[in-house]
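Remarks on the structure that follows.
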4 protein chains.
Amino acid sequence: MDFKRQKAIYIQIADYLLENILAGVLTKGDKVQSVREMAATVQVNPNTVVRSFNYLQDREIIVNQRGIGYFVADDALEKTQALKREIFVQQDLPEVFKMMKLLNMSFEDVQNIYQRQANGASATKKSPD
Amino acid sequence: MDFKRQKAIYIQIADYLLENILAGVLTKGDKVQSVREMAATVQVNPNTVVRSFNYLQDREIIVNQRGIGYFVADDALEKTQALKREIFVQQDLPEVFKMMKLLNMSFEDVQNIYQRQANGASATKKSPD
Amino acid sequence: MDFKRQKAIYIQIADYLLENILAGVLTKGDKVQSVREMAATVQVNPNTVVRSFNYLQDREIIVNQRGIGYFVADDALEKTQALKREIFVQQDLPEVFKMMKLLNMSFEDVQNIYQRQANGASATKKSPD
Amino acid sequence: MDFKRQKAIYIQIADYLLENILAGVLTKGDKVQSVREMAATVQVNPNTVVRSFNYLQDREIIVNQRGIGYFVADDALEKTQALKREIFVQQDLPEVFKMMKLLNMSFEDVQNIYQRQANGASATKKSPD
DNA sequence: GTGGTCTAGACCACC
DNA sequence: GTGGTCTAGACCACA
C-alpha cells in the first residue's frame, strides 16, 4: 500500500477499509485485521493504525469486542454509503461542476476522458484523434 | 469569504483569483487588490495573502511591479487553464470516476444531480465545441 | 446479559453477583453457578468468569470448595454492604453532587427524575429508618 | 492538576474543560490554552493534550482557527449541558437509584451525606450524633 | 493474543 | 507562534 503525501496516512487507511466495505469485500460481522497485523501489512507504526480504527469506531463503522478485535458493524454498509454519498454529492460534485464550467467542458467531454482512462489504466494516454 | 477547513487558506485565496481569471473577471494587465485590501476583505492575516500572491507569482500567473502592486500576467489565462485542466483531468476526475463506481452511480445519475443543483444557483451552460 | 463498554466485563459479572447478594437472591451457603455454566449463560470466555470469581474470592465474598464449586461466604452480605456502601458514599455520591451543582439541579429535580424512571420499571421503596 | 488512575488522562483534561464551560469560567469565543501551554500546565505530554482537544473538537465543543489556536464554540455551553445531562440522567442517576435501593438508603439519607460532605470539604467526617 | 494509553522526540504546514 | 502527524518504544488491562 502506497500512501499519498497530501492526506494523513490514518485517513487513507480508514478510506481503504471504507472502500472495501463499499465494494462488498468486507461485510457486516467480518473481523478486521488486528492493529499489529494491519500495521505490518501497510508498513506503518501501530499507533497510526490505532488512529484509523478509532476514527472508524467513532463513526460506528467498526465495533470493538474487547480483547478480541474489531469487527465490521451491522449497518456499516449503509453508514458508509450515506457518509460517502453525502460528501460526494454535497461537496465533491459541486466542485466538479464548477470546474467543468470554468474549463468549458461538457459531460460529453468528461465521458470521453472516462473512456480513455478506462482503457489502459496504467498507460497514460491514448490518442483519440 | 468563508474558508473550508480542509484546504490551506492561502490556497483557497489563490484559487479564488484563479477562478476569476478563468471566468474572465480578471484579465491580463488588471491590477490585483493590494495585500492589505485583500487581507481586510477576506478577514485573514496579511501574511497569508502574501503567501497566496507568492504562490501565484511562482506560477507566473501574476507579476509584481515593485512599489505599485501585483498585475495579472499576459498569458495568465492560458497558464491557468493548463494548470487547472491538468489537475482536473489527471487527479480530480479519476477520483470522481472511482467514487461513482463505488457508489454505483452512472453518468446519468450525475447529470440528474447537476440539474437539481443548477436550479437554485446561477444557470450554467455546456457547449462541447 | 448485555455489557457496557466502559467497565471491564469481569467486573460487571462480579457486580451482578454482588447485587444478587444485596438483594437477597443469593444468601450465605448458596452454591454459585459453575464457571462453565456462567460462561455459557452470559456468553463470555470462561477465563473471564474465572477472573470474576477470583475477584470475589479475594474479597472473601465467595469461597471455593475444591472440586465442588464456589459458595457464598457466611458474612457475604455484610462484606458486600460494607464494600458497596464505602464506594457509594466516598466515590459515587461526591461525583453526583458535583454534577448536580454543575448542571444546576436540585434534590427535588433528582427526585422527580426518580419518579419518572420508576414508572415503567419495577416499583421501589424508600424508608429512612 | 492530579489525575485519577482509572480514567484516561486525555479524558480528564477534556472533562476539566467541560466543567469550566459549565461553570461559566470559559464562555463562547474564549481562547483555550495552546497545546504546549496546557501540556506544561498539567504536566503531560503535548500529544496527550492534542488528544483531548481532538476529542472536544469532534464533539464541536471547541473549534480550531488554523495557526492561531482553539476557541470555545458558540453553542459550547448548550452542547456541553446536553451531553453531560444526558449521561447523568440516563446513565449515572439510574445507577445511583439502583444502589440506593440495594443499600436501603432513602433520599433523606443521601441529603444528610451531602450536608456532611459540604461542611469540611477536606475533613473526612463530622459526627452528627 | 487483543486494544488503550502515554511518553519522547521529530518534522511539517500553516498563520 | 499555532496545531497535525508520525515514529519508536513502553506499559497496562482485558479476554
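The sequence lines fix the lettering, A, B, ..., with proteins before strands; numbering per chain opens at 1. These numbers were taken from a predicted model, which means no experiment stands behind them.
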Is the count of non-hydrogen atoms from other residues, nucleotides or ligands lying under 6.0 Å from D:Arg66 atom CZ greater than 12?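 Count over threshold, so yes.
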Would you say that more than 12 heavy atoms from the other residues, nucleotides or ligands in this model lie under 6.0 Å from the NZ of A:Lys28, or not? no
What is the distance, rounded to the nearest whole Å, between atom [atom1] of [X] and atom [atom2] of [N]?
| X | N | atom1 | atom2 | answer |
| --- | --- | --- | --- | --- |
| A:Leu56 | E:dG4 | CG | P | 12 Å |
| D:Gln33 | F:dG1 | CD | P | 16 Å |
| C:Gln12 | F:dC14 | CD | P | 11 Å |
| C:Phe3 | F:dC14 | CZ | C1' | 13 Å |
| A:Gln57 | E:dG3 | CD | C1' | 10 Å |
| A:Gln43 | F:dT7 | CD | C1' | 13 Å |
| D:Phe53 | F:dT5 | CZ | C1' | 17 Å |

Counting just side-chain N and O atoms, does C:Tyr55 come under 4.0 Å of either OP1 or OP2 of F:dA13? no
Going by an N to O cut-off under 4.0 Å, is there a salt bridge joining B:Lys4 and A:Glu95?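 Salt bridge flag = yes for A:Glu95 with B:Lys4.
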Looking at D:Lys84 and D:Asp15, is there a salt bridge between them, counting it only when a charged N and a carboxylate O are closer than 4.0 Å?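 The answer is yes: the pair qualifies as a salt bridge.
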Look through every strand shown and name the nucleotide pairing with E:dT5 as Watson-Crick or G-U wobble, where both distances are under 3.5 Å.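 With both distances under 3.5 Å, E:dT5 matches F:dA10.
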Restricting to nitrogen or oxygen on both sides, can you table the protein-nucleotides 12-15 of chain E pairs closer than 3.5 Å?
unit_1, atom_1, unit_2, atom_2, d
E:dC14, OP2, B:Tyr10, OH, 3.4
E:dC14, OP2, B:Arg51, NH2, 3.4
E:dC15, OP1, B:Ile9, N, 3.3
E:dC15, OP1, D:Arg66, NE, 3.4

Over all atoms of both residues, closest heavy-atom pair of A:Leu77 and A:Ile21: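 That closest heavy-atom pairing would be CD1-O, 3.5 Å.
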Kindly say whether A:Glu37 contributes a backbone atom to a donor-acceptor pair with the side chain of A:Thr41 at under 3.5 angstrom? yes
Of C:Val44 and D:Lys31, the one whose closest DNA chain F nucleotide lies more 5':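 Looking at DNA chain F, the more 5' nearest nucleotide goes with D:Lys31.
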